[in-house]
Structures are given as C-alpha cells and as structure tokens.
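Comments concern the structure below.
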2 protein chains.
Amino acid sequence: MSVTVKDVARVAGVSTATVSRALRGFETVDPAIRQHVQRVAERLNYVASPAAAALSTGRAGSVGVITPFVNRLAFQRMLAGIESVMRGTEMDLLLYCTGDPSDPHPVPPRKRLARRVDGFIVLSLALHSPDVEEISKLNMPVASFGEQGPWGSNVQVDDRAGANTATEHLIEQGHTRIALIHGRDAHDPGVLEHQRYLGFREAMARAGLPVDPSLVIPGDFTIAGGARAMSILLESTERPPTGVFAFSDEMAYGAIRVMRERGLAPGRDIAMIGFDGHETSSLLDLSTISVPFEEIGATTARKLLDEIEGVAVGASGVTVLPTELTVRASTVPHPVTRP
Amino acid sequence: MSVTVKDVARVAGVSTATVSRALRGFETVDPAIRQHVQRVAERLNYVASPAAAALSTGRAGSVGVITPFVNRLAFQRMLAGIESVMRGTEMDLLLYCTGDPSDPHPVPPRKRLARRVDGFIVLSLALHSPDVEEISKLNMPVASFGEQGPWGSNVQVDDRAGANTATEHLIEQGHTRIALIHGRDAHDPGVLEHQRYLGFREAMARAGLPVDPSLVIPGDFTIAGGARAMSILLESTERPPTGVFAFSDEMAYGAIRVMRERGLAPGRDIAMIGFDGHETSSLLDLSTISVPFEEIGATTARKLLDEIEGVAVGASGVTVLPTELTVRASTVPHPVTRP
DNA sequence: GTGAAAGCGCTAACAC
DNA sequence: GTGTTAGCGCTTTCAC
C-alpha cells in the first residue's frame, strides 16, 4: 500500500531494526548510517505508521481533551492554550465531548477513551459525573482543570476568592440588593460553580447582607440563559436587584441584552459584573473577574505531558492560577463624556 | 498488559475470529454466540485496541480537522458543528493547527498528518498554502470549507454575494466614502477573503463609487487588528470614512472599541457592518452578514464521512450555504428611545 | 553497532 | 457458522 520500514531498509541496505533506530535518532547507530537512512527515508517519503508504532510500543502518541462543551468561549481559550503546547510535541490532540447533561451519550465513554491516548486533559467536568469515574478507572495519566479529581495533576483558579471579590466590589459600590445568575446547581457541592457560590455567600454574609433566594437564578452558562435569568429578575421580582453578579461573562451578555431591550443601562440602572474576562467583555464595558484561560490550558497540557513522560509520576500537584478584578463601566459608571 | 481478544476468546470458549466478528455485530455469527461473547467481553471490561484494529484493517478510525486558527469564533462554531456530527460516530476527532503564517511549523505537516486519520476536514486554508498541497498529496478523503481545493467535497458560503450585500447596504444608507477592513491580502486571488473583496468592489463600482486605497486597511481578522485598522482610518486619513465594512465581526469589535474611545458612536457617527454573524454582535448592535458556521461544520463533517464510507466516492460536490444580512443599529440607527 | 526474529492485538482469507 | 492461520508495520530483545 504505502512505503514501509522494509522498503527503507531494503533501499538503504540495512535491517529494519536499524532503520527504526536511525529514524528515531538513537545514539547507538553509526552517525554515517543514521544520516544515510534518514536521507533514504526522506527520499522515499517514508512516514512511520502510527498505528503500528503504537501497537508495538504500547504508547498511543496522542492525548485526549475531554470537556462537556465546545461552544463556550472559555473552552476555546483553553483549547488554544493546549494547542500551543501540543504543537511543540509529536503528539496528536484528540477531542472528546462528554458530560454534557443534555446528551444521553450513545457510546459509553470508556469505549471511546480507552487505549486511544496516552493521557487525558479533563476540562471542567463535574466531580461526580459518571465520566470522571470512568476516566479514573482507566488508570491513565490525567491532568485536569477545575475541581481536583481522584488524580494527581490539577489546575485551578481560586473561584471562591474571585466570586468573593466580585461580590465585594458590588457591595463597595453601595449595592445591597444583589442578584446572582449562576449556571445550574450552584448549591450542589459536587459542582464546579459551587466554589463561586460560596465566595458570593461569604462576601454577602461578611457585609451582613441577606441572600434573597428569589434573586438567585440559573442561567445555564449561555447567553440565552443569561437573558432568561435577567427577564425573570426584572419581571417576576417585586423589587428588582440593583446589582447583578453573573457566573460567566456570557450570561452577563444575555442579561445586558435584556436590560437594554427595556431601556436599562448596565452601570447606570443596574450594576452588572461577570466572570471569565473574555475579550468581548471590554467592548460591552462589562466589569468581570478575568481568568487566564489560555494559561490554564497550556499549564494543564504541560502537566499532562510531564505525567506521561514520567517526570512527575502520580502527581505534579495542584497549580492555582490567579484571577483579577477588571472594573469597567457596568459597575462603575465613570463620568466620561459619552455622547 | 490489558485484556485482549484472546482472553475473551478463551473465557467465552470460542476463537478470536468469532470474538472479533461477534463484537462488531456481524450477521454471520450465531445470535446466541454473539450475545454470549458480548456478555463476556462486557464482563471482562474488554475494549479492542484501536491501534491493532487500525493496523489490521488499514483504517485509522478517526478524522482530522485542519485549521490555521483555533482562537477565532468562526472556528469554534464550526468545530461545534463538526463535533455534533462526529459524536454519532465511532470515529475520533483529531485537531491539527497549521497554516498559521506566523508559525514556522517545526514538524512538517505531512509527517503529522499521514496515516493517522481516514480523512481530513480542512477549514479555511488558503488555497496556495503549502499545507493544501501536502494534504492533497496524501491522497485521502478530504472535505473542506472555503475555497475548493484539488479535492471533491467542499462547503462554501457565497462570500462574494455577502460582501456585495454588505456594501450595498452601506451605500443604500447614503454612504459614499466607505472604508474596508480586510484580513491580510484581500487583493491576492489565492486567498479566501478575495471573494469578499470582489463583492465589495463590485458593489462600489455598480454604484459608481471609487475605492480609495487609503481606506482599505488590513485587520488580521482579530479584535486587536480591527482596532489598529480603525485607528489608522481615524488618524492618518485626512477625511475619515462615513461607513466601514469589516471582513469579520471580530475586527468590527475592535473598530467599535476605538470609535467609542474617541467618543464616536457606531451608526451615528460612522456606520459599521461586519461579517460572520456571531452571537455577541447582537449585543453590540452590530449589523453583519450572518454565516451559519455551525451548519458549515456539520455539513463538512457529513461530507467527509460520506467520502470515507465510499458513499460519495471522489466528490460529493460543492454545497453553497446562504448568508444573510442582519441589520442593526450600527448601520441603521433607529429612533428607539435609548437613554 | 547491527541483524534476525519474535511479538504487539487485531482482522480477514480460507478451509472446514 | 466457526476455527486456523497469516499477516498489518512497527519495535525490541538477544545474539553476533
């Protein structure tokens, strides 16, 4: 079918073993021969079959990225970071979408994941999701972003502190009636966003402010969901909030849209702060907690590679990356002449 | 190391061939035996080694997505579409970033791509890029979005018509001094955006309007690039344009940011229209040409699968997806009471 | 330093 | 229908 080691060996006048060694740059090969073999391989346009190599070595030569969502800005930014690291590697990048609660996965994850890769990068999977269990059963190198699972390597941001800061910021601006747009089940301790919820509650408690349950609305982490949440806040609440903290910039976008549709201006009528720090948020003058997602992706990827290489067997530990409060006009309407 | 066909065969009391056939649901296996084998495999937690299967069948069991950029909204949306199709498949999804002019790829693409996948989804690669050549040399199933390469299956949007419509829209609003923020080399016929450029020129010509070269600025398809372009338009031009057409929403975002920083409002002071129709554009009241990227991704993926299955050998042809003009306040400032 | 040969785990002829 | 057997293309002992 295509050119194999044998062909290269024959043409180069050496054994297949030597070809294999030469092409992988082993020191134990006579430099002259190595060069010769490489040249022949080049000329023959030889590329080793990854499948055969994988079968023989037991290493797949690739890593898998597992995430519940591909259509979120945070994912895109993490993927960019991962890609930038993997690019310098010989390894392939596989993408697995799973854990999306709305998808009753037809193919059981284990079957998809096992044996195909040398390790996994797990992004933002809920801790108690069945997939997490499957993955850890696979007993392979794993590096994750989000809550630390039953594996060693993990990257986090201090969601709790970030949420705390965001809430404090609203409080400092004089708001006492603060609404929360969370994702799905912020109250559930097994869920990623729970940390943010804790941070929110803490800040409120510290300021002696009550958390009005009718002001805590799910927004599904999407723009549309954020819009729905804001509609609820504006309609079905007798007394609307004066400040809103959304657990993601995207939900804040939706909320802002709804506000505008009703002639309300973020920052002037209702203060709004998001979480994520996406680039588009600066255009909307949205205050937010900036999260270094690109760096998160890159760091997670590097950790996984270390684990695979055996550099950090078992655990390269937890890395906590900082978040940062970015203040814009949606919380602090500055007196800029804005025609 | 782990459980293999042999183990299953031994436990089930049949041959490895039967195991293989049973597990893949062949009709030629006694239903009772098939069930039995499946049960045993299940109990043993057996998962076939993809590497071995690939080596044996000559099929990799995966498809590769090739794109020059991962950090663009358009890519994310196409990827979401691709993923939604691949999810229903047994195939893996590999991601290759290449063709980014700023990256002197250290690993030659051919070596990365050959033999690893059963086919490629090629997104937005410039026609004359070396990668395109490499890919077609590989002689594998390919489905692409963008300009039609030397392969059969292709998905496009009518960029020319879209750009035409956008430009016409500005002209209809009474603009005669219209600036263009393109990506890199709109003049180069081998480049994707060239079609948009043609559409722009046509509309201008038809209206008898001149294309002022000093109003044609590259923006690199990024927010930052769009901002730079707008700065140039506002500063180094004696007479700024009254209307701006950006070849991507993202560049329009940057342009809008710069306008705002100078107290200018899109739609009121300068009309602005983008291209892509991303969700965030509605928040910025940005008029745009909406492109169905999710559908593009899904359609391209389906075409590739067809090619791989042999359903559409050689060429499933070209599919042109429609774009749509979305008018918002950045070009038609409606008299809405906007406090 | 290099070659011969035995796998890696699966599939596909071919024979029964 | 099912089993036997010969690979798929590479890597890797183990001799030399």
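Just so we're on the same page: letters track the sequence lines, and every chain starts at 1. Computed from a predicted model, the values in this text were never measured in an experiment.
- Nucleic acid contact for B:Arg34: none, since no nucleic acid atom lies under 4.0 Å from a heavy atom of the residue.
- Few gaps surround CD on B:Glu294; more than 12 heavy atoms of other groups in view lie less than 6.0 Å from it.
- Atom CG of A:Leu55 and atom P of D:dG9 are 12 Å apart (whole Å).
- Per the geometry, CZ belonging to B:Arg116 stands 21 Å off P belonging to D:dC8, to the nearest Å.
- Side-chain N/O atoms of B:Gln38 and B:Arg34 include no donor and acceptor closer than 3.5 Å.
- Here the nucleotide nearest the side chain of A:Ala17, chosen from C:dG9, C:dG3, D:dT11, is C:dG3.
- An OP1 or OP2 oxygen of D:dC10 is reached within less than 4.0 angstrom by no side-chain nitrogen or oxygen of A:Arg59.
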Before you tell me yes or no, could you show the steps for A:Lys303 and A:Asp306 under salt bridge (charged side-chain N to carboxylate O under 4.0 Å, His left out), namely the whole-Å CA-CA distance, both residues' side-chain angles and the distance that decides it to 0.1 Å? CA-CA 5 Å; A:Lys303 283 197 185 230; A:Asp306 283 354; over 6 Å; no
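- Among the nucleotides C:dC10, D:dG9, D:dT12, the one closest to any side-chain atom of B:Ala48 is C:dC10.
- When the nucleotides C:dC10, D:dC10, D:dT2 are ranked by their closest atom to the side chain of A:Val5, D:dC10 comes out on top.
- Counting to the nearest Å, the C1' atom of C:dA5 and the NZ atom of A:Lys6 are 12 Å from each other.
- Put simply, NE2 on A:His36 is 18 Å from P on C:dG1, counting in whole angstrom units.
- Nearest heavy atom pair, residue B:Ser62 against residue B:Met91, reads N-SD, 4.0 Å.
- With rounding to whole Å, A:Arg24 atom CZ is found 17 Å from D:dG9 atom P.
- Distances were taken from every side-chain heavy atom of A:Arg115 (C-beta onward) to each of D:dG1, C:dC10, D:dC10; the shortest belongs to C:dC10.
- Between the side chain of A:Ser56 and the base of C:dG7 there is at least one donor-acceptor pair of N/O atoms closer than 3.5 Å.
- Considering only side-chain N and O atoms, B:Thr18 lies under 4.0 angstrom from the phosphate OP1 or OP2 of D:dG3.
- Both A:Ala52 and B:Ile33 sit near DNA chain D, but only B:Ile33 has its closest nucleotide nearer the 5' end.
- At C:dT11, one or more side-chain N or O atoms of B:Ser20 fall inside 4.0 Å of OP1 or OP2 (strictly under the cut-off).
- Distance B:Phe26 CZ to D:dG1 P: 15 Å, rounded to the nearest Å.
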Check step by step if side chain to side chain donor-acceptor pair (under 3.5 Å) holds for B:Ser136 and B:Trp151. CA-CA 7 Å; B:Ser136 51; B:Trp151 39 69; over 6 Å; no
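- Atom P of nucleotide C:dG9 and atom CG of B:Asp7 are separated by 9 Å, given to the nearest angstrom.
- D:dT12 atom P lies 10 Å from atom CZ of A:Arg21, rounded to whole Å.
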